[in-house]
Amino acid sequence: MKTVFYINALFSLIFALGVIFGKNPLRSALSLLLFFLTIALDFFFAGSEYLGFVQIIVYAGGIIVMIAFVIILLGLKKESPDYDITVRSFTGIILLGFFALGVLYGLAKSVLHLIPKAPYFDTSAAGIGDALFSKYLLPFEVASILLLVGVVLAFIFAKKEV
Amino acid sequence: MLGFNDYLLVSVILFFVGALGVLFRRNLIYILMSLELMLNSINLTLIGLAKYSNDTNPQVLILLILVVAAVEVAVGLGLAINLMRVKKTVDVDLFKSLKG
Amino acid sequence: MALKDVLILVVKISIVIGGMLGVVAYLTLMERKVVAYIQERLGPNRVGPWGLLQPIADGIKLFFKEDVIPAHVDKLLYIIAPAITMTMAVMPFVIIPFSKSFFLSDINVGILLLLAISGINTYGVLLAGISSNSKYSMIGGLRVASQLISYEVALSLAFVGVVLWNGSMSLVKITEAQHVVWNIIPQFIGFIVFFIAALAELNRIPFDLPEAEAELVAGYHTEYSSMKFALFYLGEYANLTAMSAIITTLYLGGWQGPWLPGFVWFAIKTFVVLFVFMWIRWTYPRFRFDQLISVGWKVLIPLALLNIALTAILRIYI
Amino acid sequence: MNAHILLPEIILSITAALVLIIEFLTPRRLQFTGTVTILGILLALFYDLSMFRNAGVGFFGMVKVGPFDRTFDLVFFIGAILLILLSFDYFVEISGEFYFFILTSLIAMMLLAKSIDLFMIFLSLETLSFSLLGLIGILKQKEFVAEASMKYYLLAAFSSAFFLFGIVLTYVVFQTTNISEISNKLFASGLTGIKPALIVTVVLILVGLAFKVAAIPFHMWTPDVYEGAPAPVVAFISAGPKAAGFAIILKIMLNGYQSHPELWSSIFAYLAVLTMFWGNLAALKTRNLKRMLAYSTIAHAGYVLVAVVSANQQAYAAIVFYMLSYTFMVFGAFSIISMLGDSHSNLEDYAGLSRTSPILAFMMAIFMISLTGIPTTSGFISKFYVFMSAAKTNHIWLVVFGFINGAISAYYYLRVVVFMYMMDTREELAIPYFPFLRSVMWIAVIFIFYLGLFPQKVFEIIISAL
């Protein structure tokens, strides 16, 4: 199980690097799609079929198509000097590296003791729905407001006239 | 034996790969995609947490984070279209007209 | 899993895929015959009796044609695009129950699997359009992207109605729940929405703008030839079959029916739906693109939401 | 479930939906849509005040409402109403979604001040960021606005990803996202074994919060956004959302990690000093008034962080009081900037204003004096309360730094006054008569002097609400 997980993680990493170092925007978008699929596989491994499929539906069916659509619409092609390393970005990257090491170190030094909350792991849609509409009712409502804001915002920015 | 720490390790690494992309790229579309990487790697921690503490709640959080991610992309792409219309480029480093 | 189970599964899979490919091949003939009768012609009748060998002849012709890969295409994407289309067209049959006991698998969230498949299915057409690097294909690809995103929302909302009504996302359970009344009666609005959205998902007339011959030559597959073109062509019919089978399962009671065995009922219903699809194709004119998008967002999605609200009310008070 | 404790938010959500429908039916009737919005806000305010003393936990432990949170609401409501008034004169023709975004950002801020669940805070924060993005980008076809909204979006999304990661790691450490449960667990079992992880989570969360209050590592967006965005929106951003940011800081750090101040106290102290100095020093060299106010808002965030460090009852009240008086000061200043117009916000444009329009120049001088913190104005009183609370908890060095910064800030605030009164005008600016901008200006002046001369009553109300 561990090997399978890490092989999958390796693929995630490869696709993630493919996204951030890619030269062709469209290829990067596809790499991102494959990355999302590996994450969906992780959800399947953990036993949560529901989340895995939702992940594929939302990302593959919606988000990546949207990104690809905009890439074609804007006519973005290969841009050879798309990234260059200036002094500022270099220091940023070094700081980020130290930050990452710090986070890993901090997490490794502490004892994270997980206590099982239930006798078994409930991955059914019914279980998730119960939690969503009882304990997480208010976040759910706020998320709906957030979606509405997002829709109106995207509409306002993307439409032609003022 | 696969444990929670493996999930945590992978998710931290992927998160910072995404953050690297945000800092490193100049094209707005790439930055958007890197933001998606960051949000998704967070989901990986949550699914590990759900699995190893037999808890339903992190799964709900994953669903809601999906909502946030979708909104972020939609808004970001709308912004990109607007920028292309107004400034004819989506290269964020070329936006320097606001410098006092 | 014992060896015997594996063998049974392999046999089952080969039956499904083989049968499916056979059906798809003959669908091309069926379509041509149907259009011929609608237009008062005879249709193909030279190869074999009543033209029955026509698909085989077509197949041989396509396989032996020269496989042209244009110089300006993005090769990797160009090659995988038709493969995605064909694979994803076969995938829904993994969970469709053909009869009471004959199905490949039954998963709890079957409907989500269907949605995920149709999500990935988009990429076949989209990639074909983009990678071909020609204007017609590009426009076709763009149209596909916007069309499929718009109609997938309506499609999923129609699914929600069914899930609410039957209380399960497993296709087997949904079929079993229809043994008294088919879903088409309590879910009639949902059925209409689903059917129209399915037409759009399949890129069929009146929603076939991605490949509108009059404007775009052949849309996203303008640059394809030979085997790859055949894959697209067959993939289209495979998608059509899959969609008909899904409609049969979700709304027409699946294999349920009196006297005849379940499998026969399933086949009959699927063919009726297929026939309706073809009938529509040769009867209606094409939409304009803005009409297509506004139908999706302003008519179908509100209708689907209305359907969900009504279903919820019915579920509570009946 | 106790849903009635969120009645004001529910009223506002309904109003927001109504605004969208009105905009759909009769597009672009600014004053009508704005009036409906104000009515909705007033109704919500009425219920908010009538339930002022009602306290309770609701929605399965997601929100906890007490009188203190409702005092924060007051700041948000005032900001929103003043913004709507400013918008009547400032915008010629915009889509009515502007008011929708005002309402959603108001809802998000109110929920931020009330939620006691970390994830709830994250979602409200995202809603707030995107609503503000809508306000900033409402004139999207202008080049500056397009650029400002992009910068705001990028940093907001980036920092909220870090914030979310911090929350998730907190969830891992405590297996709960509820702030009071976290606090209980910390009291019960202490830091053994989890201290490094906790520091990591605190830092990650701080990244997100520093962005919202424009504190030092994530302040970069402020000058650009302030310069590019429409002036009324800038006033709104520097008042309400900043107060909301401080409300969350109080909530997470003071309520959640109450028992272990060593986790966050010193970080905030350094942040406060750095933020103050950076803001004030950067403001010295800029000659654009909007940009200068952006740096000054960073400096003011530093002053408020001083109160966060001292973390006693008086500090809590001082923060609310500070945000209340700051709201009036920035709205006053930006109402005058709006009158001159966004494209005339350089210092040179203000030269000789005392001759062309003496009232405006006088008012501007009052706002600048109040921002500096000179007695008889509310700016002085609010700073006084903040430094008092710091002095009481023996953070004398913070007070000293605060005073040094006050002196530095006097230079650039008073330079505006010097320009207005002692320089000769280069070109005549004909300023039309804007009834709504002027009324906002008068409201601001009245409250600045009211809070400056009779602060006791307001302060006592806030203290009693704690």
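Nothing here was measured: the structure is a model prediction, and the numbers come from that model. Chain naming here is simple, since letters A, B, ... match the order of the sequence lines and numbering starts at 1 in each.
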* Heavy atoms of other groups near K109(A) NZ, more than 12 under 6.0 Å -> no
I need the residue from [options] with the largest number of non-hydrogen atom pairs under 4.5 Å to chain A.
options                        : value
A19(B), G76(B), S41(B), S34(B) : A19(B)
A80(B), G21(B), A50(B)         : A50(B)
D6(B), L61(B), L8(B), V10(B)   : D6(B)
S53(B), A70(B), G48(B)         : S53(B)
I81(B), N57(B), L32(B), V67(B) : N57(B)
L9(B), L49(B), V22(B), I29(B)  : I29(B)

Which bit of [X] is near chain A, if near means a heavy-atom gap under 4.5 Å: side chain, backbone, both or neither?
X      : value
F4(B)  : side chain
M84(B) : side chain
I31(B) : neither
L20(B) : both
Y7(B)  : both
V17(B) : both
L37(B) : both
L14(B) : side chain

With respect to chain B, which residue among [options] yields the maximal number of heavy-atom pairs within a distance under 4.5 Å?
options                            : answer
L17(A), V58(A), I67(A)             : I67(A)
L153(A), T3(A), V4(A), V151(A)     : L153(A)
A143(A), A131(A), A16(A)           : A16(A)
P116(A), A29(A), A100(A)           : A100(A)
G150(A), A118(A), G127(A), G129(A) : A118(A)
V142(A), T123(A), V149(A)          : T123(A)

Contact class of [X] relative to chain B, heavy atoms under 4.5 angstrom:
X       : value
F36(A)  : side chain
V19(A)  : both
Y6(A)   : side chain
L132(A) : both
L13(A)  : both
I64(A)  : neither
S31(A)  : neither
F35(A)  : side chain
A108(A) : neither
Y59(A)  : side chain
I128(A) : both
L147(A) : both

To the nearest 0.5 Å, atom CZ of F43(A) lies from atom CG of L51(A) at 6.0 Å
Taken to the nearest 0.5 Å, the spacing of I7(A) CD1 from L41(A) CG works out to 12.0 Å
Distance-minimising heavy-atom pair for [X] and [Y]:
X      : Y       : value
M33(B) : P25(A)  : CE-O, 4.1 Å
S28(A) : Y30(B)  : OG-CE2, 3.1 Å
L64(B) : P139(A) : CD1-CB, 3.8 Å
Y50(A) : A125(A) : CD1-CB, 3.8 Å
T38(A) : N8(A)   : O-ND2, 3.1 Å
S11(B) : L44(B)  : CB-CB, 3.8 Å

Aromatic contact, F5(A) with F45(A) (centres under 6.0 Å): no
Check: When the aromatic ring centroids of F121(A) and Y52(B) are compared, is their separation below 6.0 Å?
Finding: no
Quick one, [X] and [Y] - any side-chain contact, counting heavy atoms below 4.5 Å?
X       : Y      : answer
L104(A) : F16(B) : no
S48(A)  : I47(B) : yes
I14(A)  : L10(A) : yes
I39(A)  : F15(A) : no
K159(A) : N82(B) : no

- Query: How about N40(B) and Q55(A): does a side-chain donor come under 3.5 Å of a side-chain acceptor?
  - Reply: yes
query: Stepwise, does the side chain to side chain contact (heavy atoms under 4.5 Å, CB included) test hold for F15(B) with T45(B)?
result: CA-CA 10 Å; F15(B) 181 83; T45(B) 312; over 6 Å; no
